[in-house]
Amino acid sequence: MNFSNVLIKWYLQNKRDLPWRNTTNPYPIWLSEIMLQQTRVAQGMPYFLSFTTAFPTVFDLATANEEEVLKLWQGLGYYSRARNLHKTAQYIAFDLAGIFPGNYSDLLKLKGVGEYTAAAIASFSYNEAVPVVDGNVFRVLSRYFDIETDIVQASAKKEFAALAFELMPKDNPATFNQAIMEFGALQCVPKSPNCSICVFNESCAALQKKKVDQLPVKSKKLKVRNRYFNYLVVADEKENTIIQKRTAKGIWHNLYEFPLIETEKEENFDFISEQIQTDYFMDNNVISILEDNDKSIIHKLSHQHLHIKFWKVNLNGSIENGINNSVLRTFPFPIVIYNFIEKE
DNA sequence: AACTCGGGGAT
DNA sequence: ATCCCAGAGTT
């Protein structure tokens with residue numbers, strides 16, 4: 001048996017029962033593929049279920065507000081995915097009469113749909129013979145064939161796509177694509193794979209050369225920067241508070257947050273207190289300022305470490321545009337702020 | 001080609 | 001701590 005036959009046989013015996021696999025409808029397949037970009041199945045699953053419940057069709061998603069979409073996406077991260085998802089839903093619903101593009105090259109034109117996602121939808125929905133190349137595919141093929149190409153290079157994707165296409169049985173691209181990703185996710189895992197029970201343990205080049213832990217080759221080292229966020233959690237005498245939308249470029253675009261004082265380093269009570277009285281609430285009487293968390297919450301993003309403090313600011317009188325607690329909870333927040341609100 | 005964009009689980 | 005997850009868009 002060749003590589004593909006063994007792989008597909010393994011898949012049919014070991015595959016997980018995932019809801020987006022029981023259909024060829026491009027809408028739920030597209031939805032699942034966007035959600036699973038850089039995201040584990042276990043993390044994406046509850047979001048897939050809530051989205052398909054709230055928005056059973058692409059028209060339901062298209063007619064929603066962006067804020068509703070972001071609220072349902074809250075906590076999943078990479079929020080540009082949600083914004084692009086929403087825009088693409090409107091494009092498909094209103095410009096294409098709800099009909100998804102029917103092939104790889106047209107799918108590729110959609111916002112938020114790159115080479116991987118276009119190939120996934122085209123193969124799963126239309127059985128088009130285009131190979132998916134994701135992190136699993138890089139790992140499985142680099143190990144099985146002992147390929148030392150640095151997967152960070154742009155050329156690597158072409159190289160692995162060409163190899164995957166060569167291996168793909170052209171009469172069953174959907175199953176092959178599912179199978180190679182599932183194999184990478186369940187068997188050929190990044191660290192300490194159990195090669196002793198692997199169906200390829202007599203043909204895998206990396207295993208024979210004892211190079212499994214060295215492949216795939218990935219040269220990346222991203223630098224993390226530290227940022228210091230001080231959130232002002234205001235409460236006036238009606239217990240109303242203030243939030244604002246992040247409209248600038250950067251993290252959490254279009255999500256909400258409390259008024260923010262960003263500083264160059266971790267600041268103490270006196271510094272923040274001074275800022276609050278001089279720059280923020282001159283018209284209102286500041287009754288008290290309370291440092292909610294003595295130790296900063298370190299919220300780790302992939303490329304930034306946020307050192308977050310919440311400062312409770314009690315004000316005299318009534319603030320303009322204040323919102324009460326139940327309204328507050330309807331807005332989409334970064335998960336670290338959402339957790340703070342829920343804790344209160 | 002390099003950088004940016006989240007959050008969480010596994011090791 | 002470090003790696004990486006069914007990657008894509010921007011610079």
Side-chain angles (χ1 to χ4, degrees), chain A residues 11 15-16 18-21 28-48 70 73-85 87-88 107-124 131-140 150-157 160-161 164 174 176-186 188-193 213 216-225 227 246 248-255 297-306 332-339:
Chain A
Y11 173 67
K15 66 176 180 176
R16 293 166 290 184
L18 304 175
W20 48 85
R21 282 188 179 150
I29 290 174
W30 165 66
L31 193 54
S32 71
E33 292 302 337
I34 301 298
M35 286 182 168
L36 293 178
Q37 289 167 4
Q38 294 292 287
T39 304
R40 291 171 195 284
V41 166
Q43 188 185 1
M45 179 77 80
Y47 289 84
F48 176 81
L70 285 172
W73 198 274
Q74 178 181 275
L76 195 54
Y78 285 161
Y79 297 94
S80 66
R81 293 184 295 173
R83 299 191 303 270
N84 286 333
L85 182 84
K87 287 177 192 159
T88 294
L107 286 163
L108 196 52
K109 298 172 186 167
L110 300 175
K111 272 188 202 308
V113 175
E115 293 175 352
Y116 163 77
T117 303
I121 301 171
S123 61
F124 302 155
V132 292
V133 181
D134 72 335
N136 294 305
V137 175
F138 277 129
R139 192 167 55 253
V140 170
D150 185 350
I151 63 170
V152 169
Q153 295 173 24
S155 58
K157 200 185 286 185
F160 282 82
F176 175 81
N177 279 343
Q178 294 277 15
I180 193 167
M181 289 194 287
E182 191 79 336
F183 185 76
L186 299 183
C188 195
V189 293
K191 290 182 180 174
S192 309
D213 60 344
V217 174
K218 190 176 179 184
S219 69
K220 218 172 207 170
K221 48 203 169 249
L222 83 162
K223 47 197 167 203
V224 176
R225 74 167 165 140
R227 301 177 73 179
R246 289 184 69 95
K249 284 188 177 180
I251 60 170
W252 301 335
H253 184 70
N254 285 5
L255 274 63
I297 298 171
I298 316 279
H299 186 66
K300 294 181 177 179
L301 309 182
S302 49
H303 51 292
Q304 298 181 21
H305 287 183
L306 306 178
F333 293 101
I335 199 63
V336 64
I337 296 178
Y338 175 78
N339 289 339

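Throughout, a chain's letter reflects where its sequence line sits, starting with A, and its residues are numbered from 1.
- Although no hydrogens or angles enter the test, the distance criterion places a donor-acceptor pair under 3.5 Å between the side chain of A/Q74 and the main chain of A/F333.
- Using a 4.0 Å heavy-atom cutoff across all strands shown, A/L222 reaches no nucleic acid atom at all.
- Side-chain to base pairing of A/Q43 with B/dG7: one donor and one acceptor N or O lie within less than 3.5 Å of each other.
- Among the atoms of the strands shown, none is found under 4.0 Å from any heavy atom of A/R225.
- For the pair A/H303 and B/dC5, the criterion of a side-chain N or O lying under 4.0 Å from OP1 or OP2 is met.
- The residue A/A120 sits apart from the nucleic acid: no heavy atom pair falls under 4.0 Å.
- Taking only side-chain nitrogens and oxygens, A/T117 comes nearer than 4.0 Å to OP1 or OP2 of C/dA8.
- Taking atom CD1 of residue A/I297 and atom P of nucleotide B/dG8, one finds them 13 Å apart after rounding to whole Å.
- For the pair A/Q153 and A/T39, both in contact range of DNA chain B, the more 5′-proximal nearest nucleotide belongs to A/Q153.
- Comparing the P positions of C/dA6 and B/dA10 gives a spacing of 12 Å, expressed to the nearest Å.
- Within the model, atoms CG of A/L76 and CG of A/L70 stand 11.5 Å from one another, a figure rounded to the nearest 0.5 Å.
- Residue-to-nucleotide proximity on DNA chain C shows that, of A/R40 and A/L110, the 5′-proximal contact is made by A/R40.
- Atom C1' of nucleotide B/dG6 and atom CD1 of A/I34 are separated by 16 Å, given to the nearest angstrom.
- Between A/I337 atom CD1 and B/dG7 atom P there is a gap of 9 Å when expressed in whole angstrom units.
- Looking at heavy-atom distances under 4.0 Å, A/I180 makes no contact with the nucleic acid at all.
- At a threshold of 4.0 angstrom between heavy atoms, the contacts of A/H253 with the nucleic acid are absent.
- For A/S302 against B/dG6, a side-chain N or O and a base N or O form a donor-acceptor pair under 3.5 Å.
- With rounding to the nearest 0.5 angstrom, the CZ atom of A/F138 is 9.5 Å from the CG atom of A/D150.
- Across all strands shown, A/V336 has no heavy atoms under 4.0 Å from either base or sugar-phosphate atoms.
- In this structure, a donor-acceptor pair under 3.5 Å is absent between the side chains of A/Q37 and A/R81.
- Spacing between B/dG6 and C/dT11 at atom P, rounded to whole Å, works out to 15 Å.
- Among the atoms of the strands shown, only primed sugar atoms or phosphate atoms (P, OP1, OP2) are found under 4.0 Å from some heavy atom of A/G250.
- In this structure, the side chain of A/T88 does not engage the main chain of A/L85 through any donor-acceptor pair within 3.5 Å.
- Between A/K223 and the phosphate of B/dT4, there is no side-chain N or O to OP1/OP2 separation shorter than 4.0 Å.
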